[in-house]
Amino acid sequence: MAVNLTEKTAEQLPDIDGIALYTAQAGVKKPDHTDLTLIAAAAGSTVGAVFTTNRFCAAPVHIAKSHLFDEDGVRALIINTGNANAGTGAQGRIDALAVCAAAARQIGCKPNQVLPFSTGVILEPLPADKIIAALPKMQPAFWNEAARAIMTTDTVPKAASREGKVGGKHTVRATGIAKGSGMIHPNMATMLGFIATDAKVSQPVLQLMTQEIADETFNTITVDGDTSTNDSFVIIATGKNSQSEIDNIADPRYAQLKELLCSLALELAQAIVRDGEGATKFITVRVENAKTRDEARQAAYAVARSPLVKTAFFASDPNLGRLLAAIGYAGVADLDTDLVEMYLDDILVAEHGGRAASYTEAQGQAVMSKDEITVRIKLHRGQSAATVYTCDLSHGYVSINADYRS
């Protein structure tokens with residue numbers, strides 16, 4: 001069951017001017033299941049996107065990358081669940097292109113203006129014929145319905161919205177959806193995430209903003225240490241709020257819009273961890289006083305992805321030596337362990353190379369029994385910091401993934 005995560009209603013997710021949503025039942029994996037989503041963007045919209053670094057990236061990732069910077073501009077995203085179209089070779093790319101062509105006919109644009117996305121089982125041929133046959137049957141949808149349509153092993157649809165002033169004159173709106181529950185350890189964005197805003201941003205500037213937002217949000221989560229073949233994160237800017245275009249990162253509105261969209265993306269990223277497969281706890285790992293941000297993130301990830309650490313959290317067992325061991329093997333060069341301090345919430349548990357004199361087992365047990373826990377680690381090597389979000393590792397994770405194809 002998801003950790004402190006509830007489904008948003010349609011009323012909580014405002015429409016974005018210039019965006020139309022559609023869903024349908026294609027029967028990709030299961031009959032009578034809504035598994036196809038189309039996000040159509042008005043002409044003149046700009047799109048930024050980042051993708052998985054997995055070398056076995058899926059066919060739709062190849063196609064989306066090639067279409068992203070086409071001079072005609074992106075007009076639609078087509079998303080199917082139930083099949084990843086990964087590990088499918090040349091035929092997978094042919095199938096993805098066929099889906100793009102069919103979606104283009106549906107909304108009246110060119111095939112190269114469509115970005116395809118797939119999620120589901122790897123190494124299975126994409127039933128492109130089912131997807132193509134379902135496209136004419138698509139029905140208008142709200143954001144909460146689109147969020148549910150892109151789910152696989154998720155238990156809660158993931159969606160969020162933000163509204164705020166950009167430039168002090170115009171109110172900007174943004175709404176986004178994401179899916180992901182397992183195979184979560186991104187190195188670009190994560191799983192599938194889509195955000196739309198009515199701000200007006202040039203494509204090169206939006207691309208840079210998308211990369212920065214991904215790095216600060218989706219690149220700070222891990223559920224199981226596996227990087228997906230299909231990870232993709234997209235931001236669409238329709239330019240429908242009447243403001244002038246943000247075409248330079250020196251424009252003060254760049255930072256304002258990025259902050260708004262970052263807040264939205266972080267909520268989506270954290271929702272993925274809260275709904276991690278079999279998760280019962282949401283854990284924040286923050287490393288402070290590192291020499292560099294990369295060093296801080298390296299240490300935080302060592303703790304956050306350790307199976308021994310994660311199973312201790314599931315058991316509510318303050319076996320905190322596992323956390324110290326993870327810090328020790330994180331690869332932080334010349335780490336002076338005598339300087340390291342570690343806290344569970346606000347409780348100092350380790351210092352001077354060992355257990356803190358003030359720490360008691362009862363204190364650790366009280367914190368470990370919570371459903372939300374913060375681990376704070378001070379390296380005392382510099383001024384940099386990084387935060388990573390993870391969950392525990394339960395019997396449920398094993399069961400879900402053992403039964404995934406059944």
A.B. asks: Are the side chain of D345 and the backbone N or O of T374 linked by a donor-acceptor pair below 3.5 Å?
C.D. replies: yes

A.B. asks: From R148 CZ over to K158 NZ, what is the distance, rounded to the nearest 0.5 angstrom?
C.D. replies: 10.0 Å

A.B. asks: Within a reach of under 6.0 Å around CD of E7, are more than 12 heavy atoms found that belong to other residues, nucleotides or ligands?
C.D. replies: yes

A.B. asks: Taking side chain to side chain contact (heavy atoms under 4.5 Å, CB included) as the criterion, tell me which of V201, I195, V172 meets it with L261.
C.D. replies: I195

A.B. asks: Determine whether Q91 and D95 make a side-chain contact, defined as any pair of heavy atoms from C-beta on separated by less than 4.5 Å.
C.D. replies: yes

A.B. asks: Please round to the nearest 0.5 Å and tell me the distance separating atom CD1 of I79 and atom CD1 of I177.
C.D. replies: 6.0 Å

A.B. asks: So, are E124 and K29 salt-bridged, with charged N and O less than 4.0 Å apart?
C.D. replies: no

A.B. asks: Do T222 and R305 have a side chain donor and acceptor closer than 3.5 Å?
C.D. replies: no

A.B. asks: By the definition side-chain hydrogen bond (donor to acceptor under 3.5 Å, both in side chains), identify the one residue from T387, N219, D215, T292 that meets it with R297.
C.D. replies: D215

A.B. asks: Report the residue from L268, I213, L192 that forms a side chain to side chain contact (heavy atoms under 4.5 Å, CB included) with F233.
C.D. replies: I213

A.B. asks: Side-chain contact test, heavy atoms from C-beta onward, threshold under 4.5 Å: evaluate it for V50 versus F218 and give yes or no.
C.D. replies: no

A.B. asks: Is it the case that more than 12 heavy atoms not belonging to I249 sit under 6.0 Å from its CD1 atom?
C.D. replies: no

A.B. asks: Are more than 12 heavy atoms from other residues, nucleotides or ligands located less than 6.0 Å from atom CG of N4?
C.D. replies: yes

A.B. asks: Given 3.5 Å as the limit, does a donor-acceptor pair link the side chain of S394 with the main chain of G278, or not?
C.D. replies: yes

A.B. asks: How long is the straight-line distance from CD of E216 back to CD of E259, given to the nearest 0.5 Å?
C.D. replies: 10.5 Å

A.B. asks: Show the atom names and distances, to 0.1 Å, of all donor-acceptor pairs under 3.5 Å that link a side chain in residues 98-106 to residues at least two apart or in another chain.
C.D. replies:
none

A.B. asks: With side-chain hydrogen bond (donor to acceptor under 3.5 Å, both in side chains) as the test, pick out the partner of K179 among T37, D154, T152.
C.D. replies: T152

A.B. asks: Side chains of L135 and L36: does their closest heavy-atom pair fall under 4.5 Å?
C.D. replies: yes

A.B. asks: Side chains of I327 and M342: closer than 4.5 Å at any heavy-atom pair?
C.D. replies: yes

A.B. asks: Test: ring pair (Phe, Tyr, Trp, His ring centres under 6.0 Å). Region: residues 109-135. Which pairs qualify, not counting sequence neighbours?
C.D. replies: F117-F194

A.B. asks: Run the salt bridge (Lys or Arg N to Asp or Glu O under 4.0 Å) test on E372 and R274 for me, step by step, so that the C-alpha distance in whole Å, both residues' side-chain angles and the decisive distance to 0.1 Å come before the verdict.
C.D. replies: CA-CA 10 Å; E372 298 204 25; R274 291 181 183 279; 2.7 Å; yes

A.B. asks: Tell me, with the steps shown, if L115 and V47 meet side chain to side chain contact (heavy atoms under 4.5 Å, CB included).
C.D. replies: CA-CA 10 Å; L115 304 186; V47 175; 4.3 Å; yes

A.B. asks: Should N241 and D17 count as side-chain neighbours, where that means a heavy-atom distance under 4.5 Å?
C.D. replies: no

A.B. asks: Surrounding CD of E361 (heavy atoms of other residues, nucleotides or ligands, distance under 6.0 Å), is the total greater than 12?
C.D. replies: yes

A.B. asks: Give a yes or no answer on whether the side chain of D198 reaches the backbone of R173 with a donor-acceptor pair at less than 3.5 Å.
C.D. replies: yes

A.B. asks: Salt-bridge test for K110 and D70: reply yes if a basic N is under 4.0 Å from a carboxylate O, no otherwise.
C.D. replies: no

A.B. asks: Can a donor-acceptor pair be found, under 3.5 Å and without considering hydrogens, that links the side chain of Q256 to the backbone of G167?
C.D. replies: yes

A.B. asks: In Å, rounded to the nearest 0.5 Å, how long is the span from CH2 of W143 to CD1 of I16?
C.D. replies: 6.5 Å

A.B. asks: Using a distance-only test with no angle check, is there a side-chain donor-acceptor pair under 3.5 angstrom linking E288 and Y343?
C.D. replies: no

A.B. asks: Could you walk me through whether T9 and N144 pass side chain to side chain contact (heavy atoms under 4.5 Å, CB included), step by step?
C.D. replies: CA-CA 6 Å; T9 65; N144 62 319; 5.6 Å; no

A.B. asks: Assess whether side-chain hydrogen bond (donor to acceptor under 3.5 Å, both in side chains) is satisfied between T81 and D35, documenting all intermediate values.
C.D. replies: CA-CA 5 Å; T81 66; D35 54 7; 5.1 Å; no

A.B. asks: Closest approach of F314 and T280, non-hydrogen atoms and distance?
C.D. replies: CD1-OG1, 3.8 Å

A.B. asks: Which atom names give the shortest non-hydrogen contact between V166 and R253, and what distance separates them?
C.D. replies: CG1-CB, 3.6 Å

A.B. asks: Could you tell me if the side chain of P140 sits less than 4.5 Å from the side chain of Y22, heavy atoms only?
C.D. replies: yes

A.B. asks: Just wondering, do R93 and I63 contact through their side chains at under 4.5 Å, heavy atoms?
C.D. replies: yes

A.B. asks: Side chains of I283 and V309: does their closest heavy-atom pair fall under 4.5 Å?
C.D. replies: no

A.B. asks: Whether the side chain of T175 engages the backbone of P14 through a donor-acceptor N/O pair (distance < 3.5 Å, no angle test) should be reported.
C.D. replies: yes

A.B. asks: Which heavy atom of A149 sits nearest a heavy atom of T23, and at what distance?
C.D. replies: CB-CG2, 3.9 Å

A.B. asks: Taking 4.0 angstrom as the limit, do D334 and K291 come out as a salt bridge?
C.D. replies: no

A.B. asks: Just how far is it from atom CZ of F56 to atom OG1 of T88, taken to the nearest 0.5 Å?
C.D. replies: 11.0 Å

